2 protein chains.
Amino acid sequence: MSGPAGRDGERSVSGPAVRRRARRHDPGRRDRLIDAALAVIAERGVAGTTHREIARAADVPLGSMTYHFSSLEEVLAEAFTRHADAVARVFDERLSAARDRDEAAEAVVTLVSDSLLGSPADLVLSVELYVAAARNPALRAVTQAWMARSRRALERHFDPTTARELDALIEGLVLHSALSTDPMTPEQIRHAVLRYLR
Amino acid sequence: MSGPAGRDGERSVSGPAVRRRARRHDPGRRDRLIDAALAVIAERGVAGTTHREIARAADVPLGSMTYHFSSLEEVLAEAFTRHADAVARVFDERLSAARDRDEAAEAVVTLVSDSLLGSPADLVLSVELYVAAARNPALRAVTQAWMARSRRALERHFDPTTARELDALIEGLVLHSALSTDPMTPEQIRHAVLRYLR
DNA sequence: GCCCGTTATGTACGCTCGTACACATGACTT
DNA sequence: AAGTCATGTGTACGAGCGTACATAACGGGC
């Protein structure tokens, strides 16, 4: 691809030995690769996510992928786990900070609005995860854990039935707006959430 | 694959000419191919949907795919359009049959419950469509039209704001339950819908 | 300063894919 | 009955893929 790339074919002939890219000392590369994988999934989708694409995004040689991961599936699993954890953590934090039911409702409105306005990439990642989970048990476990964690966070302020239904409403609002050319405004989000909780 | 498949290599040599599968007169094959494509998408996902896989599912030769469709993308677009139309039609019919707001609410409950219990394949198809639409403008138009049609059906009984919010709630309930190992029961669905509409 | 094993790298292999295309067939016109 | 041409079929080709693996480079324990 990039670089001079002028291989001189045989290793045994006289040539001044193969010119290799200088080896790089790079602790934490595995972590960076997982982040790069998330970036590629967000941009190209799981379908367009390949060893070569991730390696290119992280600027490492292809061989580095098979060194750090035993299969592409493993990369995807780790990447989605990281994504779900990150999203759930924010969810947890904002709801933990709320001191009563009204503040909790407002936190939900903010979370939904922010996720719509802030990072469309995260929305795409979530939907990609849903699809991947439909056929991969390991990823299904990731989504299960994520949903359970969200519900638990909501149960700090709402009864279990309300928490579950509210969780579904949140999911619908986010997904619906994400796919729409005419997404809901924060005010419309607030209206929907408060109406359900009224 | 299947069949005798004993090619005899050269066309020009003495052999008794190439043994071809009998040509089949098959009007409406194009339609069947689209249905086969939907079946393959439901089973293997868009990622696992290939010309060869669809051809195998419909029991037609590979060449038939390129004859009827100019690209794989065209097949996907037609298949998803058919899927969205079919789902929207049921939605339309059930809501048109409702004579008042209460019956409309009950129709929504039934639609959600049925789609969960009845055909998990349809749920998978919908999520696959969402992902595909995120990167394909033609498919995005399909989802837009679908959403608009659903909302219009709801607006036969509810004001526009309620219709939109209810549509989102429906989306969330369906998706959430589809991904859960512990999906909501029809009674729980009814509780959620009626609570929102109360 | 020297070894050593962990870390890192380039490349090869076998496979499946989308697509192109030359050729066969038979329904329909005349 | 013959001829035509849309329809139907088999196969080849180049590209990209996941993965394996032989080899290189170097930090750190002696």
Side-chain angles (χ1 to χ4, degrees), chain A residues 1-13 15-33 36-37 40 44-77 136, chain B residues 1-13 15-33 36-37 40 44-77 136:
Chain A
M1 298 302 141
S2 62
R7 283 300 117 236
D8 47 7
E10 280 307 298
R11 215 179 320 288
S12 54
V13 292
V18 174
R19 178 98 63 222
R20 283 186 171 237
R21 179 201 307 216
R23 182 180 194 247
R24 264 183 282 177
H25 180 55
D26 187 3
R29 169 177 289 190
R30 203 174 130 72
D31 264 2
R32 285 199 310 111
L33 287 177
V40 172
R44 315 253 192 204
V46 169
T49 299
T50 66
H51 278 134
R52 286 168 176 83
E53 205 67 38
I54 297 168
R56 203 171 300 138
D59 190 35
V60 301
L62 171 63
S64 194
M65 291 301 298
T66 58
Y67 175 71
H68 286 288
F69 305 96
S70 65
S71 76
L72 189 58
E73 226 188 42
E74 182 182 325
V75 186
L76 293 178
N136 182 329
Chain B
M1 309 300 146
S2 61
R7 281 306 114 236
D8 49 5
E10 281 307 298
R11 216 178 321 284
S12 54
V13 292
V18 175
R19 177 99 61 224
R20 285 187 169 235
R21 181 201 306 217
R23 182 180 194 245
R24 264 183 283 178
H25 179 54
D26 187 3
R29 168 176 291 191
R30 210 183 120 96
D31 264 3
R32 287 200 307 111
L33 287 177
V40 172
R44 315 252 193 206
V46 170
T49 300
T50 67
H51 277 134
R52 286 167 176 83
E53 205 67 39
I54 297 168
R56 203 171 301 139
D59 189 34
V60 302
L62 172 62
S64 194
M65 291 301 299
T66 58
Y67 175 72
H68 286 287
F69 304 95
S70 67
S71 75
L72 190 58
E73 224 187 43
E74 182 182 326
V75 186
L76 293 178
N136 183 329

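These numbers come from the heavy atoms of this one structure, side chains and all, not from hydrogens, waters or symmetry mates. In this text the structure is predicted, and so the values were computed from the model without any measurement. Letters go in sequence order (proteins before strands), and every chain restarts at 1.
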In a table with atom names and distances, give each donor-acceptor pair under 3.5 Å that connects a side chain of residues 61-69 of chain A to protein atoms at least two apart or in another chain.
from  : atom 1 : to    : atom 2 : distance (Å)
A:S64 : OG     : A:R29 : NH1    : 2.9
A:T66 : OG1    : A:G63 : O      : 3.1

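Look at CD1 on B:I54: it is 13 Å from C1' on C:dC17, rounded to the nearest Å. A straight line from CD of B:E74 to P of C:dG18 spans 14 Å, rounded to a whole angstrom. Put simply, CZ on A:R30 is 15 Å from C1' on C:dT6, counting in whole angstrom units. For A:L76 and D:dT19, the CG to P distance is 10 Å, given to the nearest whole Å. Protein atom CE of A:M65 is 16 Å distant from nucleotide atom C1' of C:dT7, rounded to whole Å. The distance from atom NE2 of B:H68 to atom C1' of D:dA6 is 11 Å, rounded to the nearest whole Å. Residue A:F69 contributes atom CZ, which lies 15 Å from atom P of D:dA20 at whole-angstrom precision. Atom P of nucleotide C:dA20 and atom CG of B:L62 are separated by 12 Å, given to the nearest angstrom.
At most 12 heavy atoms of other shown residues, nucleotides or ligands fall within 6.0 angstrom of atom CD in A:E73.
Heavy-atom nearest nucleotides on DNA chain D were determined for A:G48 and for A:G63, and the one closer to the 5' end corresponds to A:G48.
Relative to the side chain of B:P61, the nucleotides D:dT9, D:dT19, C:dT9 differ in distance, and D:dT9 lies closest.
Base contact: A:R52 has a heavy atom under 4.0 Å from a base atom. Across all strands shown, A:T66 has heavy atoms under 4.0 Å from base atoms, whether or not it also approaches the sugar-phosphate. Among the protein residues, A:T50 comes within range of the sugar-phosphate backbone only, with heavy atoms under 4.0 Å from sugar or phosphate atoms but none that close to a base.
Across every non-hydrogen atom of B:L72 and B:T50, the tightest pair is CD1-C, 4.3 Å.
Atom CG of B:D59 is separated from atom CZ of B:R56 by 11.0 Å, given to the nearest 0.5 angstrom. Separation of atoms CZ (B:R30) and CG (B:L33) is listed at 8.5 Å; rounding is to 0.5 Å.
OP1 and OP2 of C:dT16 both lie 4.0 Å or more from every side-chain N or O belonging to B:H51. Distances shown here put a side-chain N or O of A:R29 below 4.0 Å from the OP1 or OP2 atom of C:dT9. In terms of phosphate contacts, B:Y67 brings no side-chain nitrogen or oxygen within less than 4.0 Å of OP1 or OP2 of D:dG8.
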